[in-house]
Amino acid sequence: MNQRRVVLISGAVVGALSVALAVAGNPANMGICVACFIRDIAGGLGLHRAEVVQYLRPEIPGFILGSMLAAVATGEFRARGGSSPVLRFVLGFFVIIGALVFLGCPLRMILRLAGGDLNAVFGIVGFAAGIWVGAILLRRGFTLGRSSRVSIGNALVLPILSAFLLILVIAMPAFIFASSKGPGSAHAPVLWALVAGLVVGALAQRSRLCLAGGIRDLILIRDPHLFSGFAAIFVVSLALNLISGRFKLGFEGQPVAHTDWMWNFLSMATVGLGAALLGGCPLRQCILAGEGDTDGVMAFLGMLVGAAFAHNWGIASSAAGPTANGKTATIVALVVMAVIGYMGIDASRRPNQKRTAKEA
Amino acid sequence: MAYRVDARGLSCPQPVVMTKRALEATIPEESGLSEVLEVLVDNHTAMENVSRFARHRGFDVQVEVGEEGDDCCIVRIYAKGLR
């Protein structure tokens, strides 16, 4: 099957499963949201104590394990790492802060638009603007450095942790938190969520589906390949929302969203820039982590810790709007990313051409 | 023998950006040698992306695996019709 078809089918399935999960119990327009679910997991583990957003979402371990299974089956699983792990942790940390000020990762941004939430339009414009800045840095030679082979144990840590999370969500020992109200209490049955997560993880691994990559490739090399997956998610989830009567057009009263356009724009610009520097959106980081890429694992851990801080420090927005701390954190995030971006430009780097045999 | 870009260990989109810059700096030779560029990558995603990019730009592409170690994929890019 050709790559184009794989990415279109993956996008369509992700769109369909997102609506299906919302119907099965996940919060509205949040069938899948990588940032929100990592935030819920941070809460479920007790890393933050925001009572309404605590639940060990099985979708996230599903993405990681689904990606791992697909990568193992096709011989693509390789333990690698060493490309600025600490900077990737920092970028992951600030990416999720941006996402939680907006109230959604890039995938949920699309799902929100497909549910009629027009606030997402400002998010998309900001996201594209952030990626555009990232693309300029990439064109100038921005790099986080090369990765190389690492021992297999490094690559197994996150999949094992994922399996452990699944055990915890089923066993529900007393030290695990679970919301009794709010978005954290709205969830699809564990098995459904896990199966959907595995399917999305495997398909995203095969198709390299990436929300940030879609826009980045359009800007950088005018290639609509990944963007077509992005479009397929939107079209399918929009159609299913319309059919099932879940589509509600407007700005006001949208589920788990606020109407502050400026901070919707700036927070998603943060996510766009961070994702461009990391080489992928939050979903893609989970997929890479499953494939054995320990740099993706570092970004994932950065997101997990960032989500905990976002709630402990009152950074995350609510339906009432962004907080003063959230605005400050977004500005800090943009500054940190700009510094990382600027310092990562390898000015000496030529197109890396070397004359070989013939020249000699 | 053509130019070579070593994009091993780099994550997307850097291999494609490097290929783009290299292709823009290289003119297909007229001496009958048709290979324009070889790009070394070490993961499937980069291999697919570089190949797709070169095909989009109207080049022929051939991929070889394992010539320089298990991890290394060589994407050879040829001027169309000259191979």
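Labels below follow one simple rule: chain letters A, B, ... track the order of the sequence lines, proteins then strands, and each chain is numbered from 1. Side-chain atoms are counted along with the backbone in the values below, which use heavy atoms only and exclude waters and symmetry mates.
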Validation row: A:Arg216, B:Cys12 side chains within 4.5 angstrom (heavy atoms): yes
Under 4.5 Å from a heavy atom of chain B, the part of A:Leu288 involved: neither
Point-to-point distance, once rounded to the nearest 0.5 Å, from CZ of B:Arg52 to NE2 of A:His225: 4.0 Å
B:Ser11 OG to A:Leu278 CG distance, which is reported to the nearest 0.5 Å: 9.0 Å
Chain B contact via A:Arg78 - which portion, at a heavy-atom distance below 4.5 Å: side chain
Closest non-hydrogen atom pair between B:Gln14 and A:Thr143, with its separation: OE1-OG1, 2.6 Å
Contact check, side chains of A:Arg208 and B:His44, non-hydrogen atoms, under 4.5 Å: yes
Minimal non-hydrogen separation, A:Leu220 against B:Pro13, with atom names: CD2-CG, 3.8 Å
SB check A:Arg146 B:Asp6 (cutoff 4.0 Å): yes
CZ-CZ distance between B:Arg21 and A:Arg139, expressed to the nearest 0.5 angstrom: 10.5 Å
Proximity breakdown for A:Arg284 and chain B, heavy-atom pairs closer than 4.5 Å: side chain
Exercise: identify the closest heavy-atom pair between B:Val16 and A:Ile221: CG1-CD1, 3.6 Å
Per-residue contact mode, B:Thr45 against chain A (heavy atom under 4.5 angstrom): both
Choice from B:Asp42, B:Asn49, B:Asn43 maximising heavy atom contacts with chain A below 4.5 Å: B:Asp42
